Amino acid sequence: LLNFIKGGKVEAAEKREDLQEPITVQSSDCRLFRGMTETQRALLTHGDAITQIAAGFRAVSWNTAGKVVAIANDEANLYGVQFHPEVDLTERGMDMFNNFLFRIAGLSPTFTPKSRHQAALDEIRGIVGDKEVLVLVSGGVDSSVCAALCKEAVGEKRVHAVHVDHGFMRHRESELVEQALGAHGIKLHMARVSKEFEEAYTSVKGKQVGPLGKTASPEEKRMIIGDTFMRITDKALADLKINPDSVFLAQGTLRPDLIESGSHLASAKADVIKTHHNDTALVRKLRDEGKIVEPLKDYHKDEVRALGKELGLPHELVWRQPFPGPGLAIRVLCSEGKAPEPLNDKDTETIAKVAKSYTAAALSVCELPVRSVGVQGDCRSYKAAIALTLPRETPVKDMDWSALFAIARSIPSEVPGVSRTCFMWGPPLSSSSANTRTVTATYCTQPVMDRLREADHIVTKVMIKYQLEYTLSQVPVVLFPASFGEEGKRSIVLRPFITRDFMTGKPAVPGEELPFEALEEMV
């Protein structure tokens with residue numbers, strides 16, 4: 001963008017880049033890269049390229065294909081990068097920010113977490129005044145820290161914490177949440193409303209959608225859940241005999257939530273990656289009316305954990321595996337019972353060629369009969385998912401995980417219609433195998449939730465056994481409708497993930513972050 005505005009040329013690249021890869025930087029005479037090695041890894045997510053550098057600028061970084069990914073005008077103190085220095089996948093990103101802020105811009109590092117804690121308290125007090133606060137507590141660290149902040153800011157008598165058990169919680173989740181927050185002096189008002197959620201409707205662009213228990217669209221599911229949360233909020237106000245005109249709704253909305261929801265608070269031009277339950281149209285209306293408090297809206301997950309520790313919240317609560325407000329409902333890929341259109345023959349052939357280029361193993365490739373929501377670049381993608389399989393007798397410790405991960409990274413880059421690649425346990429399957437396109441009608445009903453809850457609990461027990469609950473950042477357990485010819489059956493996906501910023505990260509590698517023994521017990 002900087003290059004284009006200053007008169008340079010930017011054109012569409014031959015193919016997108018959505019991966020972490022090595023870049024070369026001009027560390028010897030570019031202040032932005034001072035103190036760094038010439039080669040480092042960075043996250044690149046774009047589909048365009050600089051073809052002519054603007055006058056007064058020079059190239060200071062290149063990707064493996066020799067394309068320019070950073071430019072500089074040292075005299076004007078202008079620097080532009082086409083990778084993401086703000087995420088963990090760019091290994092020296094924080095050093096780049098330090099160089100820019102303190103060496104180039106000349107700022108002083110006077111900001112401290114303590115001052116930020118105080119700023120959050122001041123914000124709550126300034127917005128709420130002498131009124132009361134209602135906090136919807138999901139049980140995750142975000143809403144729990146928000147509740148603790150509100151208690152510290154205005155006192156426990158003016159804070160009403162409500163936990164909504166919508167029927168999508170994990171095994172004994174509600175009871176554990178109540179105990180953990182109770183130990184911190186926060187009394188939860190419990191709303192057990194699973195039936196209301198399953199039967200809930202909402203309106204989207206003037207059209208009624210629902211009920212939730214018969215809705216397959218992931219975006220419509222999120223909207224129904226979010227708007228039902230707000231209706232439950234109104235009922236909670238009535239049950240607690242609180243005057244709606246004298247109460248504010250406090251939420252643990254984080255910066256990535258607003259970015260993914262396309263909120264104007266994050267960016268005036270943000271694309272909607274996914275609608276968050278705490279950033280729906282109703283919430284935005286309340287926000288526009290000044291009736292919502294979001295003291296964590298500029299925080300990321302690691303910063304919230306640090307604040308939770310400072311607030312004195314229990315260790316097990318601060319380090320709980322992330323769990324979204326809508327719960328297991330968004331970890332079910334719903335289906336009306338019909339598989340989407342498969343990829344074309346050319347894409348299928350390309351995928352097979354990519355797989356063979358990395359390994360000589362007897363690897364089979366199969367397109368799954370679902371569409372998966374993902375993030376490619378800065379936009380939401382809703383595309384095909386690919387599964388890799390090996391002969392059953394292959395021991396997990398003998399699998400070439402380096403090659404499998406390389407294939408998984410390369411397929412979405414080579415085939416734009418694919419957003420995810422996974423390894424599948426079971427007999428080898430290719431896209432031409434029988435029954436690879438069969439699906440079971442799947443919705444957010446309690447029998448489906450019970451099945452997913454059981455699988456999630458198995459994974460949780462294994463994580464505790466091997467003390468992985470603090471080292472694996474996130475392990476979502478996802479149910480999807482592929483039946484592979486077995487009537488009424490569904491499949492389970494595990495996504496062990498390593499991240500610090502909870503915006504980007506990398507899958508946990510078997511044998512490294514994820515012990516082989518733990519993986520085998522999970523599957």
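Everything numeric here is computed off the predicted structure, so don't read it as measured data.
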Under 3.5 Å: donor-acceptor pair, side chain of [X], backbone of [Y]:
X    : Y    : value
K221 : V332 : yes
Q321 : V475 : yes
S473 : T499 : yes
K9   : F4   : no
T24  : T39  : no
S413 : E17  : no
Q82  : A70  : no

Of all heavy-atom pairs between [X] and [Y], which one has the smallest distance, and what is that distance?
X    : Y    : answer
V25  : T37  : CG2-O, 3.4 Å
F248 : V293 : CB-CG2, 4.0 Å
V133 : V135 : CG1-CG2, 4.0 Å
R222 : I330 : NH2-CD1, 3.3 Å
N63  : I23  : CA-CG2, 4.4 Å
C366 : L429 : CB-O, 3.4 Å

What pairs with [X] under salt bridge (Lys or Arg N to Asp or Glu O under 4.0 Å), at least two apart in sequence or on another chain?
X    : value
E21  : none
E220 : none
E513 : K506
E336 : none

With sequence neighbours excluded, give me every salt bridge (Lys or Arg N to Asp or Glu O under 4.0 Å) pair touching [range].
range            : result
residues 64-80   : R58-D74
residues 39-51   : none
residues 341-370 : E367-R371, E367-R437

Exercise. Go through the steps for V509 and I498 under the test side-chain contact (heavy atoms from CB on, under 4.5 Å), then give the verdict.
Key: CA-CA 9 Å; V509 178; I498 305 294; over 6 Å; no
Please tabulate, one pair per line, all N/O donor-acceptor pairs under 3.5 Å involving side-chain atoms of residues 97-111, not counting sequence neighbours.
unit_1: N98; atom_1: ND2; unit_2: M94; atom_2: O; d: 3.4
unit_1: N99; atom_1: OD1; unit_2: R103; atom_2: NE; d: 3.2
unit_1: N99; atom_1: ND2; unit_2: L32; atom_2: O; d: 3.0
unit_1: N99; atom_1: ND2; unit_2: R34; atom_2: O; d: 3.1

Would you call [X] and [Y] a side-chain contact if the rule is heavy atoms closer than 4.5 Å?
X    : Y    : result
V365 : L388 : yes
V304 : D302 : no
L479 : R331 : no
L514 : M522 : yes
V60  : F33  : yes
R116 : E303 : yes

Quiz item: With sequence neighbours left out, what residues match F168 under ring pair (Phe, Tyr, Trp, His ring centres under 6.0 Å)?
Solution: H166
Pairwise distance [atom1]([X]) to [atom2]([Y]) - rounded to 0.5 angstrom:
X    : Y    : atom1 : atom2 : result
I53  : N73  : CD1   : CG    : 11.5 Å
S431 : L343 : OG    : CG    : 7.5 Å
L78  : K6   : CG    : NZ    : 5.5 Å
S372 : F480 : OG    : CZ    : 9.5 Å

If we count only N and O atoms by modelled type, under 3.5 Å, do the side chains of [X] and [Y] hold a donor and an acceptor together?
X    : Y    : answer
Y358 : S410 : yes
E86  : H300 : no
S138 : S143 : yes

Quiz item: Under the side chain to side chain donor-acceptor pair (under 3.5 Å) test, which residues partner N344, sequence neighbours left out?
Solution: none
Quiz item: Can you name the residues that form a side chain to side chain donor-acceptor pair (under 3.5 Å) with T421, not counting sequence neighbours?
Solution: none
Please tabulate, for side-chain N and O atoms in residues 399-408, each donor-acceptor pair with protein atoms closer than 3.5 Å (sequence neighbours left out).
unit_1: D400; atom_1: OD1; unit_2: S402; atom_2: N; d: 3.4
unit_1: D400; atom_1: OD1; unit_2: A403; atom_2: N; d: 3.1
unit_1: W401; atom_1: NE1; unit_2: V396; atom_2: O; d: 3.0

Quiz item: So among R305, K297, K301, which one has a salt bridge (Lys or Arg N to Asp or Glu O under 4.0 Å) with D142?
Solution: K301
